[in-house]
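Below is one structure, written out as structure tokens, with a few remarks after it.
All chains are named by letter (A, B, ...) in the order of the sequence lines, taking the proteins before the strands, and each is independently numbered beginning at 1.
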There are 2 protein chains.
Amino acid sequence: MAHITARVEYGIHCLLWLVDPASGQPSSRDLAELQGISPSFLAKIFPRLEKAGIVQAADGIRGGYRLAKPPSEITVLEIVDAIEGHKPLFECQEIRGRCAVFDNEPPDWATTGVCGIHAVMLRAEKAMRESLAQETLASIAAVVERKAPNSFPVEVQGWLVERVNGRTSSRSRKLPNGP
Amino acid sequence: MAHITARVEYGIHCLLWLVDPASGQPSSRDLAELQGISPSFLAKIFPRLEKAGIVQAADGIRGGYRLAKPPSEITVLEIVDAIEGHKPLFECQEIRGRCAVFDNEPPDWATTGVCGIHAVMLRAEKAMRESLAQETLASIAAVVERKAPNSFPVEVQGWLVERVNGRTSSRSRKLPNGP
DNA sequence: TTAACGCGGAGTGATACAGTCCGCGTTATG
DNA sequence: CATAACGCGGACTGTATCACTCCGCGTTAA
């Protein structure tokens with residue numbers, strides 16, 4: 001299993017659809033179906049982004065999500081921590097005090113400060129986190145935008161707008177593609 | 001659970017006991033009991049270090065392990081990869097091709113190259129791995145040595161030598177501390 | 001009133017981790 | 001030459017997490 005989970009992958013992919021303010025206020029179901037992932041699973045992810053101040057939620061029908069701040073101020077590290085809760089790269093078990101020559105009574109010099117192995121892992125974790133802190137939703141969106149044709153964002157907006165409008169209309173009428 | 005597991009923690013702790021050549025050739029059971037961890041579990045870890053060329057194994061009674069190269073040439077990254085097998089930080093599910101507007105037939109521009117989110121995670125993983133590659137068994141041993149009193153390595157050598165000598169003698173005689 | 005929304009809690013199946021047990025071939029020692 | 005400890009690999013167990021689902025609550029526009 002990977003350290004950075006599918007929850008983060010899903011979260012970032014769906015946050016990217018919110019970068020363009022013209023997207024309005026899609027629901028988590030809208031985003032999940034636009035992205036082709038499980039709606040009920042995504043519904044467990046977005047409340048965490050809301051509590052972290054990454055996204056703003058609106059209640060009731062016509063409710064949904066929008067970014068709580070400019071995408072250039074939302075780092076990937078922020079998203080990862082919001083969804084996974086600052087999961088450490090390494091969990092030190094404090095093995096150092098269990099050396100047999102200590103006979104179950106480790107001296108102070110052996111247990112004070114941070115374990116030497118733990119320190120190495122903490123530096124690696126710091127390097128990883130600093131790398132993630134340099135990337136933002138805006139920087140990822142820019143990469144995607146460079147690859148996609150100009151027509152793509154328009155198509156996505158159309159899909160979203162049609163879906164939001166259909167919340168209270170097309171459910172009582174027919175589906176767009178007929179019965 | 002953490003990305004870098006207890007196997008790595010146990011492995012590094014026990015490799016540190018092999019840094020001093022005067023330790024001879026302790027068995028995995030010797031190392032496990034010296035370190036206060038499960039012997040049968042450590043016995044699953046050291047064969048991986050052997051296959052990676054970090055450690056040399058000797059068969060038969062009086063067999064055991066010694067470092068296969070100088071501790072300054074054994075990086076922590078090497079140890080992690082040997083034990084865990086280059087486990088990725090993030091496993092991309094290629095969600096990008098599942099956008100609803102593609103209608104199950106994603107265009108080439110959407111699926112060529114590395115996914116923008118995956119690229120971010122790969123850079124973070126690279127930063128982590130580069131950090132781990134800068135640390136060696138020797139550098140960790142130096143930190144530990146700075147904290148321990150001069151008498152400590154001597155005590156450890158004594159414990160190990162007594163144990164290795166006891167392999168064929170004290171089993172047939174009494175235990176050192178009486179019956 | 002209805003229906004869709006956000007949200008939280010409980011539950012499920014699969015996988016990985018920590019740890020154990022057993023058996024094989026090898027090798028110094030009594 | 002038998003023994004005992006060694007390295008090594010395979011099969012196994014229990015637990016925790018992950019991906020995912022289901023249900024019910026209060027909220028809100030049509």
Please report, to 0.1 Å, the donor-acceptor pairs under 3.5 Å made by any side chain of residues 111-134 of chain B, with sequence neighbours excluded.
unit_1   : atom_1 : unit_2   : atom_2 : d
B:Thr112 : OG1    : B:Asp108 : O      : 3.2
B:Arg123 : NE     : A:Glu135 : OE2    : 2.9
B:Arg123 : NH2    : A:Glu135 : OE1    : 3.3
B:Arg123 : NH2    : A:Glu135 : OE2    : 3.0
B:Arg129 : NH1    : B:Asp81  : OD1    : 3.1
B:Arg129 : NH1    : B:Asp81  : OD2    : 3.4
B:Arg129 : NH1    : B:His86  : NE2    : 3.3
B:Arg129 : NH2    : B:Asp81  : OD2    : 2.8
B:Ser131 : OG     : A:Ala124 : N      : 3.4

Show which side-chain atoms of residues 136-146 of chain A pair as donor or acceptor with protein atoms under 3.5 Å away, not counting sequence neighbours.
unit_1   : atom_1 : unit_2   : atom_2 : d
A:Thr136 : OG1    : A:Ala138 : N      : 3.3
A:Thr136 : OG1    : A:Ser139 : N      : 3.1
A:Ser139 : OG     : A:Thr136 : N      : 3.0
A:Ser139 : OG     : A:Thr136 : O      : 2.8

Which pairs would a plain distance check flag for residues 45-59 of chain B, meaning a side-chain donor or acceptor within less than 3.5 Å of a matching protein atom at least two apart in sequence or in another chain?
unit_1  : atom_1 : unit_2  : atom_2 : d
B:Arg48 : NH1    : B:Ile83 : O      : 2.7
B:Gln56 : OE1    : B:Arg66 : NH2    : 3.2

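Following rounding to the nearest Å, B:Ile83 (CD1) and D:dC8 (C1') show an atom-to-atom distance of 16 Å. Regarding A:Phe41, its CZ atom lies at a distance of 5 Å from the P atom of D:dC20, rounded to whole Å. Counting to the nearest Å, the C1' atom of C:dA16 and the CD1 atom of B:Ile4 are 16 Å from each other. The CZ-P distance, from B:Phe90 to D:dA19, rounds to 10 Å in whole Å. Between A:Ile61 atom CD1 and D:dA29 atom C1' there is a gap of 6 Å when expressed in whole angstrom units. Rounded to whole angstrom, the span from the CG atom of A:Leu42 across to the P atom of D:dC20 amounts to 11 Å. Summarising the geometry, the separation between NE2 on A:His3 and P on C:dA16 is reported as 16 Å, rounded to the nearest angstrom.
Across D:dT21, C:dA28, C:dA18, the shortest atom-to-atom separation from the side chain of B:Thr5 is found for C:dA18. Among the nucleotides C:dT27, C:dT20, C:dC7, the one closest to any side-chain atom of A:Glu50 is C:dC7. Across D:dA19, D:dA5, D:dC18, the shortest atom-to-atom separation from the side chain of A:Lys87 is found for D:dC18. Distance from the side chain of B:Ala57 is smallest for D:dC8 among the nucleotides D:dC8, D:dA19, D:dA29. Of all nucleotides listed (C:dT20, C:dG6, D:dC6), C:dT20 comes nearest to the side chain of B:Ser38. Taking every side-chain heavy atom of B:Asp59 into account, C:dT27 is the closest of C:dT27, C:dG8, D:dC18.
A sub-4.0 Å separation between OP1 or OP2 of D:dG7 and a side-chain N or O of B:Ser28 is present. Not one side-chain nitrogen or oxygen of B:Tyr65 sits closer than 4.0 Å to the OP1 or OP2 atom of D:dC6. Contact annotation: B:Arg29 side-chain N/O to D:dA5 OP1/OP2 distance is not under 4.0 Å. Proximity of A:Tyr10 to the phosphate of D:dA19: no side-chain N or O atom is located under 4.0 Å from OP1 or OP2. Taking only side-chain nitrogens and oxygens, B:Arg7 never comes nearer than 4.0 Å to OP1 or OP2 of C:dG19. Under 4.0 angstrom from either OP1 or OP2 of C:dG6 there lies no side-chain N or O belonging to A:Lys51. For B:Ser40 and C:dC21, the shortest distance from a side-chain N or O to OP1 or OP2 is not below 4.0 Å.
Positionally, the nearest nucleotide of DNA chain D for B:Arg48 lies more toward the 5' end than for the other of A:Ala6 and B:Arg48.
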**Request:** Evaluate the salt bridge (Lys or Arg N to Asp or Glu O under 4.0 Å) criterion for residues A:Glu78 and A:Lys69: first the C-alpha distance (whole Å), next the side-chain angles of each, then the deciding distance (0.1 Å), finally the verdict.
**Result:** CA-CA 12 Å; A:Glu78 222 179 322; A:Lys69 43 184 177 177; 2.6 Å; yes
Protein-nucleic acid N or O pairs under 3.5 Å, nucleotides 9-11 of chain C:
unit_1 : atom_1 : unit_2  : atom_2 : d
C:dG9  : N7     : A:Lys44 : NZ     : 3.1
C:dG9  : O6     : A:Lys44 : NZ     : 2.4

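Contacts classified as salt bridge (Lys or Arg N to Asp or Glu O under 4.0 Å) and involving residues 7-27 of chain B (residues at least two apart or in different chains) are not found.
Residue contacts shown for B:Ala43 are absent, as no nucleic acid heavy atom lies under 4.0 Å away.
Taking hydrophobic clusters as Ile, Leu, Val, Met, Phe, Trp and Tyr residues chained together by side-chain heavy-atom distances below 4.5 Å, B:Leu31 does not share a cluster with B:Val161.
Closest non-hydrogen pair, B:Ile37 versus B:Cys14, comes out as CD1-SG, 4.0 Å.
Scored by the ring-ring contact (aromatic ring centres under 6.0 Å, His included) test, B:Phe102 finds A:Phe152, B:Trp109 as partners (sequence neighbours excluded).
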